[in-house]
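To start, the structure under review is shown below, and the notes come after it.
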Amino acid sequence: MLRMSRREVVIGAALAAALGLNSRIAIVGPAQAQLLPEPGKGFHKYKVGSVEVTALYDGIWKKPHDPAFIKNAGIEDTKAALAKAGMTTEYMPIPLTVVVLRVGDRLLMVDSGSGVGQWQPTATSLPDNMKAAGIDPARIGTILISHFHPDHIFGLMEKGTNAPVYPNAELVVSATEYKWWTEAGRVEKLPEGRKPLGTRIQTAFPTWKNFKLVDGEQEVAPGIHLVNAPGHTPGHSAFLLSSGNQQLMISNDTAYVPALLGPHPEWQGAYDQDGPLAVETRRKLIDRVIADKMAICGAHFPFPGTGSFAKDGTGYVFTPVSA
Ligand SMILES: [Zn+2]
């Protein structure tokens, strides 16, 4: 359990109110909040205006340290960044959280999780946590998709058959992302490690009838706009939720692991397809979140995956909320 002083609780409540988050959420310092990457409870609900947001924990990838993980930093640098954020340095902690939005009587989900037994053996909890949160997957009418990496789309496909898990939901994705992954000759051009992913996408998605491709930064559901956030992948997207006078930037993989990319937004991940563009997008998006005083959530942020950024020298400091 996290322990907080009374002073931190009081400050946290005020900050939570300023961010438009449920006042029962306390905001604690990064060092305290990120000590334990795995939550005791796998779902967490909060409000953004009249929209109910449910953060659902899928699990964590305890990635062994790899000198290639960040193109322009070494293992000692990434370990130092983790330590500074109060996180374990034994491995690279990459948790995965999916959000479900209740907008009026509509239920929307952002990305699909990694699918049971399809990504990491330690990231299989989404179905159980969805059930625990009282969400019926059959009632999810729209899935907003950020990009086509395994941890974000494998939950759309049944293991083995690739049959659609959500055949009746509208699958909203940037046209750029969809076309890039499905164009003729793409699999051959992918690096070796990505070829199975490309093959799986090309086998399944073009046979489905429920994709809705989006050009530009359109409103994709009431109060929700797609925000172009390229670099991680060509059509990687964030989604901006606005309700009343409150806003939440659903940033997906733009800031990836904020303990690393907050203080070092210039670091280029091996997973960022276009490193310099990913850096440019990251700075632009975080600057916007700070300027507009909005809350931000990310797929790989410490659970429940929401918090705020502030400027800190040439980088940023991320303050997570605590469930
Ligand atoms: Zn991801």
Side-chain angles (χ1 to χ4, degrees), residues 37-38 55-64 66 68-71 78 82 87 91-100 109-116 118-126 129 143-157 171-174 176-178 180-181 190-191 193-194 196-198 200-201 226-239 249-262 265 267-275 277-279 281-282 285-286 296-307 318 320:
E38 298 199 69
L56 299 168
Y57 188 66
D58 194 19
I60 185 167
W61 180 18
K62 297 177 177 177
K63 189 182 189 312
D66 173 0
F69 182 56
I70 301 289
K71 292 174 198 163
T78 54
L82 289 173
M87 301 176 83
Y91 51 83
M92 179 58 62
I94 303 179
L96 179 57
T97 296
V98 171
V99 293
V100 172
M109 182 163 72
V110 183
D111 291 335
S112 66
S114 58
V116 176
Q118 303 187 60
W119 185 56
Q120 304 298 323
T122 46
T124 60
S125 303
L126 183 67
N129 286 330
I143 302 176
L144 308 175
I145 300 170
S146 64
H147 66 298
F148 281 179
H149 279 171
D151 46 326
H152 300 261
I153 59 163
F154 278 4
L156 296 173
M157 297 182 264
L171 307 177
V172 176
V173 67
S174 131
T176 304
E177 184 73 2
Y178 185 94
W180 192 88
W181 285 97
L190 288 171
R194 284 290 190 209
L197 171 63
R200 194 172 186 202
I201 289 169
L226 186 148
V227 176
N228 289 325
H232 185 69
T233 62
H236 179 271
S237 308
F239 298 98
M249 182 65 81
I250 303 167
S251 68
N252 303 316
D253 280 7
T254 309
Y256 207 58
V257 175
L260 269 55
L261 299 180
W267 282 0
Q268 298 172 24
Y271 46 83
D272 286 334
Q273 205 173 306
D274 182 333
L277 182 58
V279 169
T281 290
R282 186 174 302 132
L285 187 116
I286 298 175
I296 180 169
C297 68
H300 304 293
F301 288 14
F303 189 79
T306 306
F318 176 69

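For ligands, and for the atoms within them, numbers begin at 1 and follow the listed sequence. Model, not experiment: these values are computed from the prediction.
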Notebook entry, point to check: So what does the Asp151 OD2 - the Zn ion (ligand 1) - Asp253 OD2 angle come to, to 10°?
Noted result: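 Angle OD2(Asp151)-the Zn ion (ligand 1)-OD2(Asp253): 170°, rounded to 10°.
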
Item checked: Ser112 side chain vs Gly155 backbone, donor-acceptor pair below 3.5 Å -> yes

Item checked: Main-chain N/O of Val257 paired to His300 side chain as donor or acceptor, under 3.5 Å ->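 Looks like no, no N/O pair under 3.5 Å.
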
Notebook entry, point to check: Mind checking whether the Zn ion (ligand 1) has an N, O or S of His152 under 2.8 Å?
Noted result: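 Yes, His152 qualifies, because one of its backbone or side-chain N, O or S atoms lies under 2.8 Å.
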
Notebook entry, point to check: How is the N/O/S atom of His300 that comes nearest to the Zn ion (ligand 1) named?
Noted result: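 This residue's closest N, O or S atom turns out to be NE2.
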
Next item on the list: Let me see the working for His232 and His149 under side-chain contact (heavy atoms from CB on, under 4.5 Å), right down to the final yes or no.
Entry: CA-CA 10 Å; His232 185 69; His149 279 171; 3.2 Å; yes

Checklist line | Geometric cation-pi criterion, Arg200 with Phe154: 6.0 Å, 45° | finding: yes

